[in-house]
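Structure, as structure tokens:
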Amino acid sequence: MTKQIAPQLIVLSDLHLNGHPERHQIVVRALKTAAEQAPAAHLVVNGDLTDTGTAEQFREFNDIIAASPFARRTWATLGNHDVRGPHWPDWDNSEQADPQHFHAVTESFYTQYLQSLPEIDRQALSFVVHLAAYQLIFLNTEKGLKDSAYFSPETLTWLADQLAQASAIGQPTLIFCHQPLRQTHWRSNFGGGVGLEDQTLKQILTAYPNTYFISGHIHNGFGVTGVVERPFGTAIDLPALAVSENGHVGHGLGFITILGAADQRWAAWDFGDQTRLPQYDFYVAVPTTAVLMQTARQQIAAGHLAARYDTALAALAEKLDQRFDQHLFDDPETDGGMQAPPAPLYTAGEITAMQAGRTQLVTALRNMPLVTAPRHQPVLPALQAPLSDLAQLALVAKTLWESPNFSVRSHLALQFSLARLNLILAHPTEFTDAARTTAAKQVRQAIADLVAAPDKTGLMTGWRQLLERPATPQSKELAAQVQLVLQDPEATTETIQQLQQELASILNH
């Protein structure tokens with residue numbers, strides 16, 4: 001019987017081609033080195049192909065790929081530098097923004113690129129391909145926003161359908177998206193992270209957590225990039241090929257990725273220097289810890305798995321919610337800095353404990369099938385509309401933004417619109433009256449759309465009552481879950497209500 005060879009990918013991000021000969025040569029040399037090391041691999045470039053998204057820079061990217069060994073084996077996504085254009089006064093993260101550069105240059109370039117790909121299932125500018133035992137989804141913004149991405153309800157529904165189909169056959173999915181999900185990697189909240197659809201994306205992934213969300217954008221170098229496990233799947237951060245900003249910077253960083261059935265090996269390279277860097281390799285488990293935990297909970301509930309595994313689940317759940325301090329990157333006035341984090345997210349001991357907990361679940365579930373989650377229909381909030389003196393409006397918006405009383409999504413919308421307004425106030429001569437009027441409307445809209453954060457009072461009361469009772473394995477795990485949600489600013493009303501019901505069922509018996 002012929003042994004099946006695991007497929008390979010060359011995975012790069014943030015080329016930032018800008019017409020400069022030095023940058024051009026770095027990319028050419030990187031592709032040459034990559035092809036020598038993995039001649040049968042596909043190339044993935046995860047956004048920021050260009051520096052300012054001009055037609056000339058897109059042509060430069062096309063010419064380099066066409067002359068490379070990956071001419072007909074390249075999958076690419078669009079980054080914020082590709083879509084927002086070279087004219088900085090047009091840059092905006094607000095949901096209502098829709099700069100014309102995206103439609104005039106970026107969208108036309110990318111549509112032509114998509115038409116050159118054989119046999120893809122496409123939705124708007126996003127598409128899916130299948131490679132051996134894996135599904136690969138390339139998720140693309142549908143607006144030319146400054147930093148974050150925008151996905152239509154149709155695209156989110158399409159994404160959920162693709163994940164549902166993969167889940168039904170136990171197929172792992174790699175999602176390539178330029179921007180990271182919030183509260184994952186160091187600096188992942190920069191510029192709003194993936195944007196206003198962050199929570200909806202996590203909702204979808206939580207239903208189908210055998211998913212690896214792969215992003216670039218934040219320019220961490222090797223040693224700062226990492227693999228972060230979350231309840232909705234596994235997040236993988238890529239270095240910037242051209243301009244990593246912390247850790248090991250190098251001259252052309254990227255990975256050769258081997259997609260095995262039981263694990264993935266992300267082999268670190270400085271392709272520009274033709275140097276292998278094994279100390280920065282990632283070994284990523286398949287399936288995700290999140291899907292193992294989902295399956296274990298279902299098997300415990302069905303009585304097929306002993307309740308003693310609740311303790312292991314509670315310990316893993318606590319670690320999967322561990323986070324970097326992101327406050328520097330949430331502030332529209334600072335956008336944080338370039339430094340590496342003051343400490344790793346996990347100590348060596350914590351990593352060992354997480355691996356042990358995962359191994360325990362793998363052993364317990366060895367003969368049990370992965371559970372297929374029900375189809376998920378994402379629900380997006382509706383928008384409304386309304387204007388005032390800019391400086392006064394900015395003051396009101398900043399006061400509201402500093403309040404912790406609003407939902408994460410509406411807080412982000414206000415952050416984006418306030419950042420745009422602050423830019424106009426700082427550079428008044430660079431903007432037209434129409435731009436000022438639009439910015440004022442966006443801030444008023446964001447203020448009008450503020451939604452109160454979910455009420456956790458009842459959950460807090462029930463949690464305290466639970467802690468006063470004799471502990472059982474079930475109550476310990478529930479108490480740990482409730483504590484995480486009480487500390488989580490992104491917890492949804494749906495999650496809070498579900499935990500309140502579980503608390504009530506225990507407290508009433």
Side-chain angles (χ1 to χ4, degrees), residues 80 84 88-99 143-150 179-180 182-183 187-199 217-218 323-339 381-456 487-492:
N80 60 308
R84 70 190 186 185
W88 70 262
D90 292 339
W91 296 352
D92 192 355
N93 268 333
S94 306
E95 190 162 23
Q96 300 90 337
D98 192 12
K143 285 187 178 181
L145 302 183
K146 174 182 178 289
D147 298 305
S148 61
Y150 167 79
Q179 291 89 345
R182 290 170 56 79
Q183 302 293 357
R187 305 206 293 177
S188 65
N189 288 22
F190 164 76
V194 78
L196 295 175
E197 280 75 45
D198 178 84
Q199 284 187 285
H217 181 56
I218 48 182
R323 304 170 180 205
F324 286 112
D325 178 1
Q326 299 278 6
H327 78 275
L328 289 174
F329 314 110
D330 274 327
D331 190 335
E333 292 187 0
T334 65
D335 262 350
M338 295 182 182
Q339 69 275 18
L383 295 169
Q384 297 113 39
L387 192 171
S388 174
D389 171 68
L390 295 190
Q392 183 63 32
L393 191 57
L395 181 61
V396 172
K398 182 168 174 54
T399 302
L400 289 169
W401 181 81
E402 290 173 344
S403 166
N405 299 326
F406 303 109
S407 73
V408 171
R409 190 182 195 282
S410 60
H411 191 263
L412 260 181
L414 184 60
Q415 175 181 321
F416 290 161
S417 59
L418 176 58
R420 172 71 170 173
L421 189 55
N422 284 339
L423 188 65
I424 290 174
L425 288 169
H427 304 276
T429 60
E430 300 285 346
F431 295 89
T432 64
D433 288 343
R436 286 192 282 274
T437 301
T438 298
K441 285 182 179 178
Q442 289 172 354
V443 173
R444 290 295 295 266
Q445 170 106 33
I447 292 172
D449 289 344
L450 285 172
V451 174
D455 183 5
K456 298 181 181 177
Q487 295 168 347
D488 185 0
E490 298 184 345
T492 63

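Each residue takes its place number in the sequence, starting with 1.
- In this structure the side chain of Q179 reaches within 4.5 angstrom of the side chain of N80, judged on heavy atoms.
- Between atom OG of residue S148 and atom CG of residue D198 there is a gap of 10.5 Å, rounded to the nearest 0.5 Å.
- Among V451, D449, L412, the single residue meeting the side chain to side chain contact (heavy atoms under 4.5 Å, CB included) criterion with S407 is V451.
- Residues D98 and Y150 are not in side-chain contact: their nearest non-hydrogen atoms beyond the backbone lie 4.5 Å or more apart.
- Among residues at least two apart or in separate chains, ring-ring contact (aromatic ring centres under 6.0 Å, His included) pairs with a member in residues 390-410 are W401-H411.
- Between K441 and T437, some side-chain heavy-atom pair lies under the 4.5 Å cut-off.
- For the pair L450 and S410, the minimum side-chain heavy-atom distance is below 4.5 Å.
- In this structure, the side chains of R182 and Q199 stay at 4.5 Å or more apart for every pair of heavy atoms.
- Between the side chain of R436 and the backbone N or O of F431 there is at least one donor-acceptor pair closer than 3.5 Å.
- Residues L425 and A394 share a closest heavy-atom pair of CD1-CB, 3.7 Å.
- The closest side-chain heavy-atom distance from D90 to R84 is not below 4.5 Å.
- Here the straight-line distance linking atom CZ of R420 with atom CG of D92 works out to 4.5 Å at 0.5 Å rounding.
- Residues P180 and H217 have side chains in contact (heavy-atom distance under 4.5 Å, counting atoms from C-beta outward).
- Residues L423 and W88 form a side-chain contact, since some pair of their non-hydrogen atoms from C-beta on lies under 4.5 Å apart.
- Here the OG1-CD1 distance, from T429 to I424, works out to 12.0 Å after rounding to the nearest 0.5 Å.
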- Task: Decide salt bridge (Lys or Arg N to Asp or Glu O under 4.0 Å) for E490 and R409; before the verdict, give the C-alpha distance in whole Å, the side-chain angles of both, and the deciding distance to 0.1 Å.
- Result: CA-CA 8 Å; E490 298 184 345; R409 190 182 195 282; over 6 Å; no

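- Formation of a donor-acceptor pair under 3.5 Å by the R187 side chain with backbone atoms of G337 is found in this model.
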